[in-house]
Amino acid sequence: MFSRYSSGILRSLIRTMSTTVPENAAASVVATAAAATTVPKESSPAQAKQGKKSKKAEQQFLLKTPKGTKDWSDKDMVVREAVFKSLSDLFKRHGGVTIDTPVFELREILTGKYGEDSKLIYNLEDQGGELTSLRYDLTVPFARFVASNSISNIKRFHIAKVYRRDQPAMTKGRMREFYQCDFDVAGNYDTMVPDSEILNITCEGLVGLGITDFKIKLNHRKILDGIFEACGVKEEDVRKVSSAVDKLDKSPWEVVKKEMVIEKNQPEEVADRIGEFVKWNGTIREVLALIKGSELLIANASIQQGVSEMEILADYVDAFDINKYARFDLSLARGLDYYTGLIYEAVTEASAPPANASELKEKAQKEKGKSAEVEDASEYVGVGSIAAGGRYDNLVGMFSNGKSIPCVGISFGVERLFSIIKARAAKDLENLSANHTEVYVMAFGGGEGWNGFLKERMTVTKKLWDAGINAEYLYKAKANIRKQFDSAEKSGAKLAVILGKEEYPAGKLRIKVLGQGQDSDEGELIDSETLVESIKTKLDAHNVDGLDYITRLVRGL
């Protein structure tokens, strides 16, 4: 039912509409206005109950993180922060300075830099008139940074998140949101000098994290491209063929050859010639000897230049004593388009997929359904490379009107490293405390006039904080001994400082080593003035060879 006021408005609205819109539109307005002004009927109890159910159903949703991402627990973060510190300290030792760049870039900055992997870039909605995308790596933003600031030389490191719309394998550290730890050298230097130091940084970084069963696969883009040319690949098809060869670490040669011939439109005889050479691997000097022994290859100008640079690198690898980790592998292609010279990636036994990967993948897809995407590919993929990089001399020039600055760098994959460390230290992680508390301040006493020494505990704790010591106390005025020891245990504290009812007023404190049982000993009685010195001495005694528990855990010691 309409009120008089509503009816008047409606009649006026109809008269206006009839002169400006068709009759059927006016009728629609009448229906809408009537629906808006009609007094709703009282609903029955059954209808009300159904309405509540519908509202509840609307509020229900799947409580999870987006595919390819995860929450990190407090214990996970303790380990991950230790990895970050280990790598950042390494980068600083080699003269690196750190920078930061936006998490998203103008889309045109990223376009055309990643070859076939460009399909994995996350594009954002147009907001404010600019087309942007989430950064795919830290290398292209670094090149843009160098060009934007007219930098001629820099050693930089950058630890930040990147984003890729890849197939996740969560337990293997293959994710859609993940950290990269990059170290790059930009500037004109003697051939292979910064390249060899980058390789040394790679070895130092992995060994420093307790990973020693790795190999660094090396190749040179000039040699690889020269092989393609010598085998009959047209210049415009080189990158396409290179992307197929790049899959040799995951697929057998027969599969790669099929892709070359059918998808990349290469003659079968060309693919067969390429297959003969990309299977070569060994030490740097062993593979160089094979290349120089092939008349077909050594006649190529591009290969000659690559061989010359690799001969220099072989000497520098010897100088840094990292030859035992290096493996010259002509199947390594690195799919990104911007590489121009030396390329490399560090791999372990866990990098390769399982032997029956294709069967496991087929089974997973069958269970999920052909039209649906598998949520997690951990069962049938490997960890992949745990660090990778190369030389990219032309990338900066793309942003600075051709004024190129030679660059070379390495990127450590933190999540992949974390998956290896976590698997190796699974038992130790169960007992790991996420707290960083070193000392727990307690008070013992009772009887008439006992107030719990809360203010006094605060004073002693503040003294420890001021000395840079991580300390806690119980937020309770009068706390019994058991609750204080329980709280100390949960905090992971190594030592307890005890304020006794009779001892503290006399200028004495007691230091007790925790983790040995509440009644194992009474602790050491000290003068209050020597508290900080005594605590630091006892904390140092907990370290082995100067390394704390977390560092030893991360390094696998």
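The structure presented is a predicted model; accordingly, all values stated were derived computationally and were not measured.
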Heavy-atom distance under 4.5 Å between the side chains of Leu417 and Leu206, does that happen here? yes

May I ask you to decide if Leu332's main-chain N or O and Asn219's side chain share a donor-acceptor pair within less than 3.5 Å? yes

Distance alone, cut at 3.5 Å: any donor-acceptor contact between the side chains of Asn200 and Tyr316? no

Residue Asn149 excluded, over 12 heavy atoms near CG under 6.0 Å: yes

Between Asp246 and Ser243, is there a side-chain donor-acceptor contact under 3.5 Å, judged purely by atom types and distance? no

Under 30°, 30 to 60°, or over 60°: which ring-plane class applies to His94 and Phe183, parallel, tilted or perpendicular? perpendicular

Nearest heavy-atom pair of Asp195 and Met192: which atoms, and what distance? OD1-CA, 3.4 Å

Contact summary for Asn300 and Glu229, nearest pair of heavy atoms: ND2-OE1, 3.3 Å

Just wondering, do Leu395 and Val140 contact through their side chains at under 4.5 Å, heavy atoms? yes

As a quick check of understanding, evaluate side-chain contact (heavy atoms from CB on, under 4.5 Å) for Arg135 and Val103, giving each step before the final call. CA-CA 6 Å; Arg135 60 189 174 203; Val103 74; 4.1 Å; yes

Would you find a donor on one side and an acceptor on the other, under 3.5 Å apart, between the side chain of Lys113 and the backbone of Ile109? yes

Please check this pair: side chain of Thr101 against backbone of Pro141, looking for a donor-acceptor N/O pair closer than 3.5 Å. no

Ile121 vs Arg164, test: side-chain contact (heavy atoms from CB on, under 4.5 Å). Steps then yes/no. CA-CA 6 Å; Ile121 294 175; Arg164 298 182 185 179; over 6 Å; no

With heavy-atom distances below 4.5 Å as the criterion, would you say the side chains of Ile405 and Ile151 are in contact? no

Minimum side-chain heavy-atom gap Ile410-Asp182 below 4.5 Å: no

Got a sec: does the NZ of Lys75 have more than 12 other heavy atoms crowding it under 6.0 Å? yes

Is the side chain of Ser196 donor-acceptor paired with the backbone N or O of Val317 at a distance under 3.5 Å, no angle test? no

Keeping the roles fixed (side chain from Ser88, backbone from Phe84), state whether a donor-acceptor pair exists under 3.5 Å. yes

Counting only heavy atoms not in Glu235 (residues, nucleotides, ligands), do more than 12 fall under 6.0 Å from its CD? no

Going by an N to O cut-off under 4.0 Å, is there a salt bridge joining Arg239 and Asp225? yes

Taking the six-membered ring for Trp, are the ring centroids of Phe104 and Tyr122 within less than 6.0 Å of each other? no

Have Asn394 and Thr340 got a donor and an acceptor in their side chains that come within less than 3.5 Å? no

Find out whether Asp237 and Phe228 are in side-chain contact, i.e. whether some heavy atom of one side chain is under 4.5 Å from a heavy atom of the other. no

OH/Tyr179 to CD1/Ile159 distance, rounded to the nearest 0.5 angstrom? 9.0 Å

For Ile550 versus Val78, what's the shortest heavy-atom pair and its separation? CD1-CG1, 3.5 Å

Distance from Thr191 atom OG1 to Gln305 atom CD, nearest 0.5 Å? 9.0 Å

CZ of Phe91 to CZ of Arg156: how many Å apart, nearest 0.5 Å? 9.0 Å

Separation of Ile99 CD1 from Ile154 CD1 (nearest 0.5 Å): 6.0 Å

Partner of Tyr338 under ring pair (Phe, Tyr, Trp, His ring centres under 6.0 Å), chosen from Phe142, Tyr136, Tyr392: Tyr392

Sole residue of Met260, Glu259, Glu254 in side-chain contact (heavy atoms from CB on, under 4.5 Å) with Val256: Met260

side-chain contact (heavy atoms from CB on, under 4.5 Å) between Ile216 and Leu218, intermediate numbers included: CA-CA 6 Å; Ile216 300 179; Leu218 306 171; 3.8 Å; yes

Heavy atoms only: give me the nearest Lys240-Lys264 pair and the separation to one decimal. O-CE, 3.5 Å

For Asp76 and Lys70: C-alpha separation, side-chain torsions, deciding distance, then whether side-chain contact (heavy atoms from CB on, under 4.5 Å) applies. CA-CA 11 Å; Asp76 289 341; Lys70 65 170 289 185; 4.1 Å; yes

Measure from the side-chain N and O atoms of Asp329 to the backbone N and O of Lys217, and report whether any donor-acceptor pair falls under 3.5 Å. no

Residues that Arg555 engages under salt bridge (charged side-chain N to carboxylate O under 4.0 Å, His left out), provided they are two or more places apart: none

For residues Val347 and Ser385, report the shortest heavy-atom separation together with the two atoms involved. CG1-CA, 4.2 Å

Under 6.0 Å between ring centres, would you say that holds for Phe418 and Trp72? yes

Got a second to check how far Arg107's CZ is from Asn123's CG, nearest 0.5 Å? 3.5 Å

For a 4.5 angstrom cut-off between non-hydrogen side-chain atoms, does Glu108 reach Leu131? no

Search all heavy atoms of Val185 against all heavy atoms of Ile198 and return the closest pair with its distance. CG2-CD1, 4.2 Å

Keeping Arg424 on the side-chain end and Gly210 on the backbone end, is there a donor-acceptor pair under 3.5 Å? yes

Check whether more than 12 heavy atoms from other residues, nucleotides or ligands sit under 6.0 Å from atom CG of Asp190, and answer yes or no. no

Looking at OG1 of Thr202 and CD1 of Ile322, how far apart are the two atoms once the value is rounded to the nearest 0.5 Å? 8.0 Å

Output yes when Lys257 and Glu268 qualify as a salt bridge under the 4.0 Å nitrogen-oxygen rule, no when they do not. yes

Inspect the surroundings of CG in Asp74 and state if more than 12 heavy atoms from other residues, nucleotides or ligands are less than 6.0 Å away. yes

Are Gln180 and Phe412 packed together at the side-chain level, in the sense that at least one heavy-atom pair is separated by less than 4.5 angstrom? no

Asp89 bridged to Lys85 by N-O distance under 4.0 Å: yes

Any non-hydrogen side-chain atom of Leu124 less than 4.5 Å from a side-chain atom of Ser133? no

Kindly say whether Arg334 contributes a backbone atom to a donor-acceptor pair with the side chain of Arg221 at under 3.5 angstrom? yes

Given 3.5 Å as the limit, does a donor-acceptor pair link the side chain of Thr65 with the main chain of Thr69, or not? yes

Is the side chain of Arg391 donor-acceptor paired with the backbone N or O of His220 at a distance under 3.5 Å, no angle test? no

